[in-house]
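Note on naming: letters A, B, ... go to the chains in the order of the sequence lines (proteins, then strands), and numbering restarts at 1 for each one. When reading the values below, keep in mind they use all heavy atoms of this one structure, side chains included, and skip hydrogens, waters and symmetry mates.
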Protein chains: 2
Amino acid sequence: MVIVERESGSVIVIDSSKHKFLGRVSGLGNLIHATVKFSPDARYAYVIARDATISKIDLLTLKLVKKVKAGLDSVGGVMTQDGKYIALSNYVPGEVRILDTDTLETVKQIPAVREYEDGKKIQSRVVGILDAPGNLLIFSLMDADGIWVVDGGKKDFPVIKKFWDVGKTPYDALITPDGRYYMAGFLNSNWMGLLDTWELKEVINILTQKDEQSASDVPLWKIPHLKGWAIAGDTAILPALKKEWALVYNSKTWEWLKNVPLEGTALYTVSGPDGRYIWVDLVGKNGDLIQVIDMKTQEVIKTLNPGKGATHPQFTPKGNSVYVSLMDEDKVVVYDAATFEKIKEFPAKRPSGIFSTERAHKFGM
Amino acid sequence: MVIVERESGSVIVIDSSKHKFLGRVSGLGNLIHATVKFSPDARYAYVIARDATISKIDLLTLKLVKKVKAGLDSVGGVMTQDGKYIALSNYVPGEVRILDTDTLETVKQIPAVREYEDGKKIQSRVVGILDAPGNLLIFSLMDADGIWVVDGGKKDFPVIKKFWDVGKTPYDALITPDGRYYMAGFLNSNWMGLLDTWELKEVINILTQKDEQSASDVPLWKIPHLKGWAIAGDTAILPALKKEWALVYNSKTWEWLKNVPLEGTALYTVSGPDGRYIWVDLVGKNGDLIQVIDMKTQEVIKTLNPGKGATHPQFTPKGNSVYVSLMDEDKVVVYDAATFEKIKEFPAKRPSGIFSTERAHKFGM
C-alpha cells in the first residue's frame with residue numbers, strides 16, 4: 001500500500017500482506033489531491049502531485065528514482081495498457097500530457113481545446129482519464145463538455161474520436177473492470193454518459209434521477225470519485241451528487257435499480273473483489289463514518305466509526321483486509337473485512353489516498 | 001511469468017513487462033502436470049510438483065528458499081484468501097493437505113473419505129481445489145462424486161459442507177473471478193455442477209448437452225482445464241469434453257448459449273482481461289494450433305500456428321501480450337494480443353504451464 005501524506009508531500013509504504021511498515025519517501029510536491037499509478041510489474045510507483053510534479057519511486061529500495069514537473073496543475077493520470085507511458089490529466093495547461101515511464105520525458109502534449117462555431121476557443125481542464133483495451137486513452141473535457149479517445153498505441157497519439165455536448169461539466173469517470181464501458185459523471189446534468197469501448201460510436205445518457213430521488217439537495221461537500229471499484233458483480237454502486245444515498249444500477253443494462261440510504265453523502269463507494277461488500281466513505285456530515293453495504297440485501301449492514309476524517313477505504317487484493325486513512329487523527333487503520341474488527345494501526349501524517357500496488361494490473365486504476 | 005519446464009524439473013522466470021529472461025531455478029521434482037501459486041505480494045512462487053514436492057522460490061533473487069515433500073502424488077493446489085496457507089489437492093493419499101506458506105510445514109491433513117451406507121469406504125483423489133471469499137476452500141472428490149467446503153479461517157480447518165452425488169467423476173473446477181460461483185466439470189455426467197458461495201446451499205446442474213450437441217464423440221486427448229480465465233463478461237467459454245467446439249454459457253443465468261466450432265478439441269479456453277478475445281489451445285488433432293474467438297461475434301477470427309505442441313496461452317496482466325509454450329520446439333513465444341504478431345521468443349526446455357505473478361491477486365488462481 002502506498003499512502004499519500006497530503007500536507008507533508010510524502011508517501012508511506014506498507015506491506016499489506018503482513019501489515020508491516022516499510023518506510024517513507026518525501027519531497028514529492030503538493031500532494032493535496034494526489035494520485036499514484038504503478039508500472040506493469042508493480043515495482044515503480046508514480047506519484048502525481050497537484051502541482052504536476054511526477055515522482056517515480058522504486059518500491060524495492062524506497063528511493064526516488066526520478067522527478068519532473070509536467071505542467072502547473074494536474075488532477076490525475078493513468079498508465080497506458082502497455083505500460084510504456086503515463087498520461088496526465090492537467091488543469092493548467094488544459095491538456096493531456098504523455099510521459100515516457102522510463103525517463104519521465106514528455107513525449108506528447110494534447111491540448112484540450114474546443115473550437116465553437118462562432119470562433120470562440122476554450123482550453124478545458126481534463127478529468128477522468130482512463131486506459132482501455134486496445135491501448136486507448138479516454139478522458140473528459142470539464143469545461144467543454146466533451147469526451148475524447150486517443151490511440152495510445154500509435155505514434156503521435158492521435159485523437160481518434162471527439163464526442164461533444166455529452167453532458168454539462170464532467171467531473172470524473174470510471175471504466176468497468178473489463179475495460180468495456182467508460183462512464184462519466186456530470187456536475188450540471190442529471191445523467192451519466194456511457195461509452196462502449198468496443199464500438200466507440202456514441203455516448204449514451206444514463207439517468208441518475210428518478211421520482212423517488214427528488215428529495216431536496218444537501219451540500220456538495222466534495223466532488224465524489226468514480227472508479228472501477230464501484231462495480232460489484234452485475235451492479236454499479238455510485239456515490240450520488242448532493243444526496244444522502246448510494247445509487248445502484250444494473251451494470252449490464254445500466255438501468256437504475258435503487259437508492260441505498262446513507263447517513264450522509266458518499267465520497268467513495270468501494271467494492272471488495274468479491275462484489276459482496278461495499279465500503280462507503282461519508283464526507284461532510286458524519287464524515288467520520290464508514291458504512292458497509294451488503295450487496296446480498298443491498299442494505300447497510302454495518303456502520304463503522306474508525307475516527308476523525310476517516311477516508312479512502314482500500315481493500316487488499318483478495319479483499320481480506322481494508323485500509324482506511326484517518327486524516328484528522330494522523331493514523332492509518334486496518335480492518336479485517338470479514339469480522340469488521342480493527343486489526344492494526346500505523347502512525348501517518350494527515351494520510352489521504354491509499355493505493356494498492358495490484359492496481360498495476362487493472363484498467364483505469 | 002514463471003514457466004514450467006516439465007521434464008527437467010525446472011522453471012524459467014521472465015519479466016513480461018520488458019519480455020526479458022531473468023533466470024532458471026532447478027531441482028523442483030517431477031513437473032509433469034505441475035502448477036505454480038504465488039504469495040499475496042507475488043514475491044514467492046510455490047511450485048507444486050506431480051510427486052507432491054513443494055518448492056518455494058524467491059522471485060527477487062531466483063533462489064530456492066525451501067522445499068518439502070507433502071504427499072506422494074499431487075495434482076494441484078491453491079493459496080488461501082489470506083495468503084497464510086497453501087492447500088494441496090492430493091491424489092495419493094487422497095486428501096487436502098494444508099501447509100504454512102512461511103515454513104511449508106503441514107498444519108492439517110483432511111482425508112477425502114466417503115463412507116457409504118453399506119459400510120464401504122473410499123478415499124478419493126482430490127481435484128479442483130479453489131479458494132473463495134470468506135477464506136473458504138472448495139474442492140471435489142474425483143472418486144466419490146462429492147464437493148466439500150472447508151473454512152480456512154478457522155483453527156483446525158473444519159469441513160463445513162459436504163455435497164454428495166453432484167455428478168459422476170469430477171475432474172476439475174473453476175471459480176468465477178469474483179469468487180461467487182464454484183463450477184465443477186464431470187467426466188461421466190453430461191452436466192456441470194454449480195455452487196453459489198454466498199449461499200453454500202446446493203450444487204445445481206448445468207446441462208452441457210443440447211440437441212445440436214449430439215454429434216458423435218471424438219477422442220479425449222487430454223482432460224481439459226477449467227479456471228476463472230474462462231469467464232468473459234457475461235459469458236463463460238468452456239472447453240467441451242470430446243467435442244470439437246467451445247461451449248458458451250450466460251455466466252449469470254448459466255443457460256447454454258451456443259457452441260463455437262473449432263478445428264479440434266480445446267484444452268484451455270483463456271480470456272484476456274477485457275473479455276473480448278478467447279485464446280483456445282487445441283490438443284490431439286491440430287494440436288499445434290491456437291484459435292482465437294472474438295466475443296463480439298462469438299466466432300473464431302484467427303487461427304495461429306505458433307509451432308509444435310503449442311499450449312498454455314497466458315495473457316500479461318492487462319492483456320497486451322500473450323505467452324505460449326511450444327513444448328515440442330523447446331521455445332516460449334510471445335504475441336502482441338492486438339496485432340497477433342509474434343514479438344519475441346525464448347529458448348526453454350519442453351515448456352508447459354505459464355503462470356503470471358498477478359494470479360496472486362485472483363481467486364482460484
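- Taking chain B as the reference chain and counting heavy-atom pairs below 4.5 Å, the highest number among A:Ala42, A:Gly153, A:Gly179, A:Pro133 is found for A:Pro133.
- For B:Lys63, the NZ atom is loosely surrounded, since the number of other residues' heavy atoms within 6.0 Å does not exceed 12.
- The structure places CG of B:Asp336 at 9.0 Å from CG of A:Asn135, a figure rounded to the nearest 0.5 Å.
- Each of A:Pro40, A:Ala338, A:Pro273 has some count of heavy-atom pairs under 4.5 Å with chain B, and the biggest count is that of A:Pro273.
- Contacts from residues 355-365 of chain B to chain A, taken as heavy-atom pairs separated by less than 4.5 Å, involve B:Glu358, B:Ala360, B:His361, B:Lys362, B:Phe363 in sequence order.
- Rounding to the nearest 0.5 angstrom, the gap separating the CG atom in A:Asp178 from the CD1 atom in B:Ile231 is 12.5 Å.
- Among B:Lys296, B:Arg180, B:Lys84, the residue with the largest count of heavy-atom pairs under 4.5 Å with chain A is B:Lys296.
- With values rounded to the nearest 0.5 angstrom, A:Lys318 atom NZ is found 7.0 Å from B:Met79 atom CE.
- Between B:Asp102 and A:Lys18 there is a side-chain heavy-atom pair separated by less than 4.5 Å.
- In terms of non-hydrogen atom pairs under 4.5 Å with chain A, the most contact-rich of B:Pro317, B:Gly272, B:Gly275 is B:Pro317.
- Other residues, nucleotides and ligands contribute over 12 non-hydrogen atoms within 6.0 Å of the NZ atom of B:Lys252.
- When A:Asp274, A:Thr176, A:Thr316 are compared by the number of non-hydrogen pairs under 4.5 Å with chain B, A:Asp274 comes out ahead.
- Among B:Asp41, B:Asp82, B:Thr101, the single residue meeting the side chain to side chain contact (heavy atoms under 4.5 Å, CB included) criterion with A:Ser17 is B:Asp41.
- For B:Ser251, no part sits under 4.5 Å from any heavy atom of chain A, backbone or side chain.
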